[in-house]
Amino acid sequence: MQKTDAKNETMLTAAPQRLVLSLALPATAALLVSAGCGILEAWFIARLGTAAGGAIGIAFAVMALIQAIGYTLGTGAASLVSRALGAGDGESAGFFASLAFWLSLALGCAVTLAGLLFTDPIARFLGASDTVCPFARAYLRYLFPAAPLMCGTFVLNNLLRAEGQVRFAMLGTAAGSLVGVALDPLLLFRLSMGISGAALALLLSQAVSFALLLARYLAGKTRVSLRPRKADRPLRRLRSLLLIGSPSLFRQGLAGVASAMLLRQARNWGDAAAAAVSVNARLFLLLYSFCLGVGQGLMPAAGYNQGAKKPERVLALARFALILATALMLALSIPTAVFAPRLIGLFRPDAEVIRIGAVMLRAQCAVFFLHGIIAVTNMLLQALGKAFPAALIAAARQGFCFFPAVLLLPRLWGLTGLCLAQAAADVLTFLLTLPFLIRTLRSLGAGKRQHP
């Protein structure tokens, strides 16, 4: 009880800068380790050839769709759990936590079954060419069985962060990622498993993360439990969980769809273009981890203080998170743009891949600073339970702003248009985000005046 009281006191009284940093730094570290390990895996696989590098793009799209399930349930539950804890309603917090966890395992098993039955059609649909398809098939054979573990891990990670246990959430996630990247060279080259070895390493890494995070709950060291329980109006609560988590569904799910569309379009310019798209996706995820980590740090703090009816605290937290995320992305964009060819070349020393990838990466760098505002606003709205605007923003970047860009710009400017498509969608998404951000900050400011 004393530890719980201390955690409550920290959430309600710590300086906004200190609170956001204390929650964001571990979240960012975990994301960076995960993204960095993904980049190392892509580097190992690129040694197998350009077609194998293209297969990673197929796997990235599938992983985004699996992550969409985990993040939808995880962030939806995290928002509800943090606000329930802030309001002192531990029973509701426990119900939402257990519901999200068990549902994630069930849906993950469904993905495994469907994926193993339709591996080839899925790979073809996602843009695999005749040369890429055998590599994609070999990777997906192990990726689909990892789906329940991945979904469960994302939910457990979000639930731990919702109650302020960000350091353990980081350690559990990072440990699994490090195990995976350590196994990559052994399975790929020493045991001659090729690209299947990388997928098996991913499966084992997810098992490690899942086991470590679950152990925290089994040991009784959390403020909520995963024990299945009954509650009044369960369908209404399930609807709330899915509705608040829907921005993550759009954000992650559409990332997979957008990746598939880019790969299908890139196929018109050969395997080199597909490999460039795959490398850029990994590099962008690494850089995006910084502003995403800030947003993830903001979510539990904002949700908890919203539940405790402290709008002035939420406003201060949001302002600091916006400034921090924007400054980080701006600082990262300059060296990335300068060294773009070298960064691409680290993964695939192919002149054509480097040429295409550098243009694509520099186009992204030109608008990197916008992501700090977009990501933090999106996650702030989600933390406050504002499902519709959060879902709208999440669906914009790789949905209704991206689809027209990726279909129209390549027709107008060929391969250059393809390289500019995502950057153009990012600008449109920022313009959509700005009015929601202004309105939310004004609303919090009005609440501050009503609660001096």
Side-chain angles (χ1 to χ4, degrees), residues 31-32 34-46 50-64 126-128 132 252 254-292 329 332-371 375 397-398 401-402 405-406 409-410 413-427 429:
L31 289 166
L32 286 174
S34 180
C37 289
I39 286 177
L40 281 175
E41 179 195 56
W43 184 83
F44 287 128
I45 293 174
T50 300
I56 288 301
I58 304 297
F60 186 83
V62 173
M63 280 190 279
L126 294 176
V132 170
Q252 298 299 133
L254 287 175
V257 176
S259 178
M261 290 187 69
L262 268 175
L263 286 167
R264 290 175 69 89
Q265 291 284 62
R267 195 167 58 181
N268 296 325
W269 288 274
D271 287 346
V277 168
S278 300
V279 172
N280 266 277
R282 298 282 185 174
L283 287 172
F284 174 78
L285 185 60
L286 179 68
L287 297 169
Y288 187 64
S289 297
F290 286 90
C291 66
L292 188 60
M329 296 306 286
L332 289 168
S333 64
I334 298 172
T336 303
V338 172
F339 298 107
R342 293 187 181 182
L343 291 172
I344 301 296
L346 288 175
F347 300 94
R348 187 61 189 163
D350 180 303
E352 188 65 6
V353 174
I354 293 173
R355 183 184 69 83
I356 297 170
V359 173
M360 194 174 295
L361 185 57
R362 282 171 170 164
Q364 284 279 273
C365 287
V367 297
F368 263 152
F369 70 98
L370 300 179
H371 288 287
R397 180 180 182 264
Q398 293 180 306
C401 286
F402 175 76
V406 77
L409 294 184
W413 299 313
L415 182 57
T416 301
L418 181 73
C419 295
L420 297 176
Q422 187 63 77
D426 292 341
V427 173
T429 304

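This is a predicted model, so every value here is computed, not measured.
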When you compare the side chain of [Y] with that of [X], does any pair of heavy atoms fall below 4.5 Å?
| X | Y | value |
| --- | --- | --- |
| W269 | V277 | no |
| M261 | Q398 | no |
| L32 | F290 | yes |

Shortest non-hydrogen contact between [X] and [Y], atoms and distance:
| X | Y | result |
| --- | --- | --- |
| A405 | P410 | O-CD, 3.6 Å |
| A273 | A266 | CB-O, 3.5 Å |
| A423 | Q364 | N-NE2, 3.5 Å |
| S333 | C365 | CB-O, 3.4 Å |
| V338 | R362 | O-NH2, 3.5 Å |
| N280 | G357 | ND2-O, 3.2 Å |

Working for side chain to side chain contact (heavy atoms under 4.5 Å, CB included), residues L415 and R355: CA-CA 11 Å; L415 182 57; R355 183 184 69 83; 3.8 Å; yes
Parallel, tilted or perpendicular: ring planes of F284 versus F368, cut at 30 and 60 degrees: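 Rings of F284 and F368: parallel, under 30°.
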Distance (rounded to the nearest 0.5 Å) between L287 CG and T336 OG1: 4.5 Å
Euclidean distance, C291 SG relative to H371 NE2, rounded to 0.5 Å: 7.0 Å
Donor-acceptor pair, side chain of R397 and main chain of D426, under 3.5 angstrom: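 Such a contact is absent between R397 side chain and D426 backbone.
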Q265 side chain vs V406 backbone, donor-acceptor pair below 3.5 Å: yes
Evaluation steps, side chain to side chain contact (heavy atoms under 4.5 Å, CB included), between I356 and I344: CA-CA 9 Å; I356 297 170; I344 301 296; over 6 Å; no
Pair F402-Q422, side chain to side chain contact (heavy atoms under 4.5 Å, CB included): steps then yes or no: CA-CA 6 Å; F402 175 76; Q422 187 63 77; 3.5 Å; yes
